[in-house]
Amino acid sequence: MNSKGTLGIIDIGSNSIRLVIYELDHEGAYRIIHEDKYAARLSNVVEEDGQILRHSLEQAITVLQQFKATCDAFQTKVIRAAATAAIRNARNAAQIIGWLEEETGLEIECASGDQEAYYGFLGVIQSIDLQDGYVVDIGGGSTEVTVFRDRKRLHSISLPIGAVNSHARYGGEDSWSEANVAALCNDVIQALKDQDWVRQHPGLPLIGLGGTMRTLAKIEQKRTQYSLPVTHHYEINASAMENLAKSLPYLTSGQRKKVPGLAKDRADIIVPGVLILRTVFDILQGDRYVVSGAGLRDGILRDLMAPHRPASPTALEDSIRNFIHFGPPVPEKKLKRIHQDATVLYEALDGDAPKPADARILYTACMLHGAGKQINYFRYPQHSAYWIMNAGIYGLSHRETVLTAIAADYHPKKRTPQLLNKHRDILKDSDERHAHRLGSILRIAEAIHRSERISAIRVTKENGSLQIKLICSAEPLLEMHGLEEAAKDLEEAWDVKLTYSTLQASKE
């Protein structure tokens, strides 16, 4: 779907009903312009015989009617609504869909367990540049487990075990008993015991989707006083998650509500959520937990926009393309030339092509160093750094995100040391030198492209001297002034002497 306008996606989940509205341009770039949710907890209204009665849907119908009205206000011509486990597993699923469609005017897809797993997988691979891993999506009424290798889905399974229905079966008003903890964990083990594939890929990351994973990340970030308030691509090690799985069930409900990072409306269902997650992780023999901020709704969007090319080439390139299309009016051609010349400078200075992490940092910093112009042009580097660190750019680790922000707002005597000090918990000891090297390269590449008079550069390094030859169409007065200002920082960061000269393009 490449038409310009807005697109609404409604996720009728077992715990919450969510709406997200995207704005799309004519080239298929998109951004979120509205989100809303309501905790309807449909898993709680399933009768003993497996049905959901008409009167139990009143809240869900009202919420869907309001979401439809919101879409109308945004002039959304296409709305895709999908119902998941609570409705899918109900004995009268078709009747429920009929009631909802009749009362709301929406066309509602009842997603199968495999479809739900597929949408979650699509959401992950378009937001995280991992080649291999397990995707685990814990919802209110089901848990989907998927393994992928080389960014291709191999196997999926949907278990009828979720945070809401497990709490209804095993949870109490207060703390959990050891017997109920063991019973829930055994349910998960039994559900996966005949799935041989889940044990055939040990040592891969578990990428968690949904409210359980995001909440656990927030709890851990509060506990460690983590310096970057972003959950997407946050990593949690096995021992930290084990501690949460051993402590949260045995707190009283009142105690859980006071846990920093744990929202009160999740104080009950976080217990079955963490138990399911930890048990699946043990069976998979995972090596770490990774949080994905993208999931089913993002996967549905991808399936709508590119049904024949579901996996984006790289999450990072797709994310940056989306921003540039809706960002400040900086010519994309100019940004690409800055990146090209920054790479040439790096290769000359380092003697080799950038390592993958450095390539991602350099690319992102070059393409987004002007992002802050949307907020305040005259202080845009600082705003660019803030935007980069808080926007949740897909395809970057948190360390790469911080280094990208520092490079985009490179100010070696003032703000750069402050940012390095603030994020010591994320950065490596060697990253101080690294940040100065990458930031100084970007400053030189920016200076070269202050106007359109330099068409190409040639860079060589000999005997501690970096020599830049500027191929010019006319006298590059602004560029030469910019190089003079940026030269000292690059010389100090790379321990070189910088020299540069000009050559008329006509003489080439």
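Heads up: numbering here begins at 1 and tracks the sequence.
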> Show, in sequence, the C-alpha distance, side-chain angles and deciding distance for Glu27 and Arg321, and conclude whether the salt bridge (Lys or Arg N to Asp or Glu O under 4.0 Å) test is met.
CA-CA 10 Å; Glu27 294 183 20; Arg321 181 203 64 152; over 6 Å; no
> Write down the atom of Asp409, the atom of Ala385, and the distance for their closest heavy-atom approach.
CB-CB, 3.7 Å
> Which residues pass the salt bridge (Lys or Arg N to Asp or Glu O under 4.0 Å) test with Arg149, sequence neighbours left out?
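Salt bridge (Lys or Arg N to Asp or Glu O under 4.0 Å) list for Arg149, sorted by chain: Asp132.
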> Tell me whether the rings of Tyr134 and His201 are parallel (<30°), tilted (30 to 60°) or perpendicular (>60°).
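It falls in the perpendicular class, over 60°.
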> Which heavy-atom pair separates Phe74 from Thr6 by the least distance, and what is that distance?
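That would be O-OG1, 3.2 Å.
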> Just by distance, with hydrogens left out, do Asn322 and Tyr394 show a side-chain donor and acceptor under 3.5 Å apart?
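There is no such pair between these side chains.
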> Can you check whether Ser227's main-chain N or O pairs, donor with acceptor, with Asp425's side chain at less than 3.5 Å?
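Such a contact is found between Asp425 side chain and Ser227 backbone.
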> How far apart are the C-alpha atoms of Asp129 and Arg151, what are their side-chain angles, what is the distance that settles it, and do they pass the salt bridge (Lys or Arg N to Asp or Glu O under 4.0 Å) test?
CA-CA 9 Å; Asp129 275 331; Arg151 295 173 66 78; 3.8 Å; yes
> What's the shortest heavy-atom distance between Ser319 and Ile393, and which atoms?
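Heavy-atom minimum between the residues: OG-CG2, 3.8 Å.
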> Please test Arg153 against Asp114 for salt bridge (Lys or Arg N to Asp or Glu O under 4.0 Å), starting from the C-alpha separation and ending with a verdict.
CA-CA 11 Å; Arg153 184 173 72 133; Asp114 187 68; 3.2 Å; yes
> Establish, from distance only, whether the side-chain atoms of Thr146 and Glu144 form a donor-acceptor pair under 3.5 Å.
no
> Using the side chain to side chain contact (heavy atoms under 4.5 Å, CB included) definition, which of the options Asp287, Val290, Leu277, Ile236 pairs with Leu206?
Leu277
> Please list, chain by chain and in numerical order, all residues satisfying side chain to side chain donor-acceptor pair (under 3.5 Å) with Asp49, sequence neighbours excluded.
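Partners of Asp49 by the side chain to side chain donor-acceptor pair (under 3.5 Å) criterion, ordered by chain and then number, come out as Gln51.
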> May I ask you to decide if the ring planes of His398 and Tyr234 are parallel, tilted or perpendicular, using 30° and 60° as cut-offs?
tilted
> Under a 4.0 Å threshold between the charged nitrogen and the carboxylate oxygen, would Arg337 count as salt-bridged to Glu452?
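Yes, Glu452 and Arg337 are salt-bridged.
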> Check whether any side-chain N or O of His232 sits under 3.5 Å from a backbone N or O of Ser127 as a donor-acceptor pair, and report yes or no.
yes
> Which heavy-atom pair separates Leu396 from Glu400 by the least distance, and what is that distance?
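Result for this residue pair: CA-OE1, 3.5 Å.
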> Between Asp298 and Arg302, is the closest basic N to carboxylate O distance under 4.0 Å?
no
> Give the minimum heavy-atom separation between Leu159 and Ala191, together with the two atoms involved.
CD2-CB, 3.9 Å
> Would you name the heavy atoms of Ala90 and Ile96 that are closest together and state the gap between them?
CB-CD1, 3.7 Å
